[in-house]
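Below is one structure, written out as structure tokens; the observations come after it.
What you are looking at is a predicted structure, and each value in this text was computed from that prediction instead of being measured.
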Amino acid sequence: VQLQASGGGVVQAGDSLRLSCARSGRAISSLAVGWFRQAPGKEREFVAALSRSGTRPYYADSVKGRFTVSRDNDKNTVSLQMNSLKPEDTAVYYCAADFRPSTLTVSTRVDGYGYWGQGTLVTVSS
């Protein structure tokens, strides 16, 4: 499974960004997909995840109400729409994926995913 995250950049507080996670070769719809981020000097943390069915999004409390995770099966991507960005959202964002027997469940743990993209940097200035 090869994943590629894209869409990062430098924005000001209050702006929006949309990250995309694309899978090469096969359908991303067969995978549960998670987004994680890692700020300098900090551990990688859960941001959001979407089940295979696409009907069960999960969010970290810190992003709930501001971020939305969604699937676009036609484009074979899972996106993370990030609104009302804050300086504390600055981090390298990673998408991760794994096969799960249930179409409804996800993991919020780093070790719950076996496949990772390369990361995309999001910088939010105040």
(request) Measure the shortest side-chain to side-chain distance between R66 and D89 over non-hydrogen atoms and say whether it is less than 4.5 angstrom. (result)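 The answer is yes; the side chains approach within 4.5 Å.
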[X] (side chain) donor-acceptor with [Y] (main chain) under 3.5 angstrom:
| X | Y | value |
| --- | --- | --- |
| S70 | V78 | no |
| R23 | S29 | no |
| Q118 | A5 | yes |

(request) Could you note down all residue pairs passing ring-ring contact (aromatic ring centres under 6.0 Å, His included) where residues 16-51 supplies at least one of them, sequence neighbours left out? (result) F36-F46, F36-Y113, F36-W116
(request) Enumerate the residue pairs fulfilling ring-ring contact (aromatic ring centres under 6.0 Å, His included) with a member in residues 55-80, sequence neighbours excluded, ordered by first and then second residue. (result)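 Those involving residues 55-80 do not exist here.
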(request) Using side chain to side chain contact (heavy atoms under 4.5 Å, CB included) as the criterion, list what pairs up with T90, not counting sequence neighbours. (result)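 With neighbours one apart ignored, the set is T123, V124.
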(message) More than 12 heavy atoms of other residues, nucleotides or ligands under 6.0 Å from CD of Q2: yes or no?
(response)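 Atom CD in Q2 is not packed in, count stays at 12 or less.
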(request) State whether the number of non-hydrogen atoms from other residues, nucleotides or ligands found under 6.0 Å of Q12 atom CD is greater than 12. (result) no
Indicate the atoms forming the closest heavy-atom contact of [X] with [Y], along with that distance.
| X | Y | answer |
| --- | --- | --- |
| A22 | T77 | CB-CG2, 4.0 Å |
| S20 | S79 | OG-OG, 3.6 Å |
| A32 | R71 | CA-NH2, 3.9 Å |
| S84 | S16 | N-OG, 4.3 Å |
| V122 | M82 | CG2-CE, 3.8 Å |
| S125 | P87 | C-CG, 4.5 Å |

(message) For the CG atom of L31 and the SG atom of C95, what is their distance to the nearest 0.5 Å?
(response) 10.5 Å
(message) Rounded at 0.5 Å granularity, tell me how far CG in N83 sits from CG in D15.
(response) 10.0 Å
Count I, L, V, M, F, W, Y as connected when their side-chain heavy atoms are under 4.5 Å apart, and connections chain through other members. Are [X] and [Y] then in the same cluster?
| X | Y | result |
| --- | --- | --- |
| L17 | V69 | yes |
| Y115 | V92 | no |
| L3 | F99 | yes |
| V110 | V106 | yes |

(message) Suppose the criterion is side chain to side chain donor-acceptor pair (under 3.5 Å): which pairs have a residue in residues 92-105, not counting sequence neighbours?
(response)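 Matches after skipping sequence neighbours: R37-Y93, R100-T105.
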(message) Under 4.5 Å side-chain heavy-atom separation, chaining through any Ile, Leu, Val, Met, Phe, Trp or Tyr, what else clusters with L104? Say none if it is isolated.
(response)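 Besides L104, the cluster holds no residue at all.
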(request) Name all residues meeting the salt bridge (charged side-chain N to carboxylate O under 4.0 Å, His left out) criterion together with K64; count only those two or more places apart in sequence or in a different chain, and write none if there are none. (result) D61
